[in-house]
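What follows is a short report on a single structure.
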Amino acid sequence: MIDFPELPRGEPMSISASLYTTYQRCPGHALGQMQGRYGPESRASFSGMLAHRIFARHLTTGPIAPDGFAAACRQEIGQALNGKLGALQMRPSELRGVIAEVGELYTRFQAVSAGGIRFVEAELEVTVSPDVRLRGRIDAVFADGGGVRLVDWKTGRLDGAADQLDFYALLWALDRGELPTVVEAASVVSGEKYATTPDVRSVRSTSQRVVEMVAELRAGLGGGAASRRGGPWCRFCPLRRECAEGVAALRVLSA
């Protein structure tokens with residue numbers, strides 16, 4: 001489908017969809033993540049991850065009965081989210097509140113999800129050079145005519161969706177040797193959707209942005225500096241207090 005641009009050799013690097021999206025917002029934040037600098041776990045993030053586990057369970061095994069919903073949530077937490085729950089140190093009453101919130105999201109999800117499911121939480125990993133691999137997890141893959149529609153569920157706003165969808169289209173093309181028909185982000189909260197129809201040109205453009213990303217992050221890991229851009233994402237960046245762009249952005253956001 002496409003030939004990935006040649007990359008110079010360097011330290012092994014794994015580029016996930018979330019890291020790519022972070023880089024498009026602020027390369028300095030992405031570099032910080034590669035250096036192991038992450039913000040603290042948040043209740044909102046935990047709720048979103050639990051909701052995604054419940055959505056996947058629904059698509060895999062069918063609807064969850066209301067009287068079994070809390071138990072299903074606790075099973076999913078035990079299987080995949082215990083560590084994050086421990087970091088948050090939630091009281092039982094707080095966890096019950098989270099489960100109730102996820103229940104509301106699940107009700108909305110049942111109204112927007114559709115039939116024709118082919119894959120749930122499709123894990124893709126592609127080695128594009130001896131020391132660089134791309135990876136991502138696509139929430140759902142649906143049949144779409146003679147092709148497929150890749151869907152990413154959102155439990156909040158669709159900020160950054162375009163970059164994430166571009167990355168998924170590239171991954172799918174490299175892994176499957178074909179373009180997805182549609183790549184879509186769907187907000188369970190608002191019902192809002194953002195969709196794009198990838199073509200060879202757009203996928204090649206994304207591959208070139210990945211090359212630029214690898215070069216800048218490798219330079220940063222080698223002691224150089226990565227560029228920084230301020231924006232709403234600075235609220236959650238662990239580097240914000242030592243970053244002039246972050247400080248300025250937070251000042252504007254709090255005005």
Side-chain angles (χ1 to χ4, degrees), residues 16-18 21-22 25 41-82 84-85 88 90-123 136-145 148-169 172 180-197 232-233 235-236:
S16 67
S18 61
T21 301
T22 297
R25 291 175 171 175
E41 297 290 347
S42 71
R43 187 180 189 278
S45 175
F46 180 82
S47 176
M49 286 186 284
L50 178 56
H52 276 78
R53 298 299 310 155
I54 290 296
F55 300 163
R57 187 183 184 117
H58 170 97
L59 293 172
T60 303
T61 63
I64 303 168
D67 60 357
F69 186 78
C73 285
R74 294 180 185 280
Q75 287 174 3
E76 294 298 336
I77 291 170
Q79 291 172 7
L81 301 175
N82 253 337
K84 295 184 181 298
L85 179 62
L88 286 169
M90 280 190 189
R91 295 189 297 271
S93 60
E94 291 178 295
L95 181 57
R96 287 195 295 272
V98 168
I99 290 174
E101 291 172 8
V102 173
E104 293 177 5
L105 291 172
Y106 179 57
T107 298
R108 293 175 180 268
F109 169 79
Q110 292 180 86
V112 301
S113 60
I117 188 72
R118 289 187 56 186
F119 305 105
V120 178
E121 293 190 333
E123 297 270 4
R137 175 188 292 171
I138 300 169
D139 288 339
V141 180
F142 293 90
D144 189 88
V148 296
R149 175 167 54 98
L150 313 183
V151 177
D152 185 70
W153 309 115
K154 299 294 186 184
T155 56
R157 301 173 62 182
L158 298 186
D159 296 343
D163 292 323
Q164 186 177 16
L165 299 184
D166 287 345
F167 190 84
Y168 285 155
W172 190 267
T181 305
V182 178
V183 189
E184 176 184 292
S187 171
V188 174
V189 175
S190 66
E192 178 186 10
K193 293 183 179 181
Y194 174 85
T196 182
T197 303
W233 48 85
R235 290 191 181 100
F236 312 105

pair [X]-[Y]: side-chain heavy atoms closer than 4.5 Å:
X    : Y    : result
M90  : L85  : yes
D139 : V151 : no
T155 : S47  : no
F119 : I138 : no
R149 : T181 : no
R25  : D163 : no
T22  : W233 : no
T21  : F167 : no

Can you name the nearest heavy-atom pair linking [X] to [Y], along with the distance?
X    : Y    : value
C73  : L50  : O-CD1, 3.8 Å
I54  : V102 : CG1-CG1, 4.1 Å
A186 : L158 : C-CD2, 4.3 Å

For the atom pair [atom1] ([X]) and [atom2] ([Y]), what is the distance rounded to the nearest 0.5 Å?
X    : Y    : atom1 : atom2 : answer
L81  : H52  : CG    : NE2   : 12.0 Å
T107 : F69  : OG1   : CZ    : 7.5 Å
I99  : I77  : CD1   : CD1   : 5.0 Å
T196 : L165 : OG1   : CG    : 7.0 Å
R96  : E94  : CZ    : CD    : 10.0 Å
F55  : R108 : CZ    : CZ    : 10.5 Å

Exercise. Return yes if a side-chain donor-acceptor contact under 3.5 Å exists between R53 and Q79, otherwise no.
Key: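 No, Q79 and R53 have no side-chain donor paired with an acceptor closer than 3.5 Å.
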
Quiz item: Using the ring of each side chain (for Trp, its six-membered ring), is F109 parallel, tilted or perpendicular to W153, with breaks at 30° and 60°?
Solution: perpendicular

Quiz item: What is the ring orientation for Y106 with H58, classed by angle as parallel under 30°, tilted 30 to 60°, or perpendicular over 60°?
Solution: perpendicular

Self-check item: Side-chain (S187) to main-chain (G156) donor-acceptor, under 3.5 angstrom
Solution: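 Yes, because the side chain of S187 sits within donor-acceptor range (under 3.5 Å) of the backbone of G156.
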
Quiz item: Would you say the side-chain atoms of S45 pair up with the backbone N or O of E41, donor to acceptor, closer than 3.5 Å?
Solution: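 Checked: no pair found.
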
Contacts of [X] that satisfy salt bridge (Lys or Arg N to Asp or Glu O under 4.0 Å) - sequence neighbours left out:
X    : value
D152 : K154
R137 : E123
R43  : E101

Quiz item: Hey, mind stepping through L95 and F46 against side chain to side chain contact (heavy atoms under 4.5 Å, CB included) and telling me if it holds?
Solution: CA-CA 10 Å; L95 181 57; F46 180 82; 4.3 Å; yes

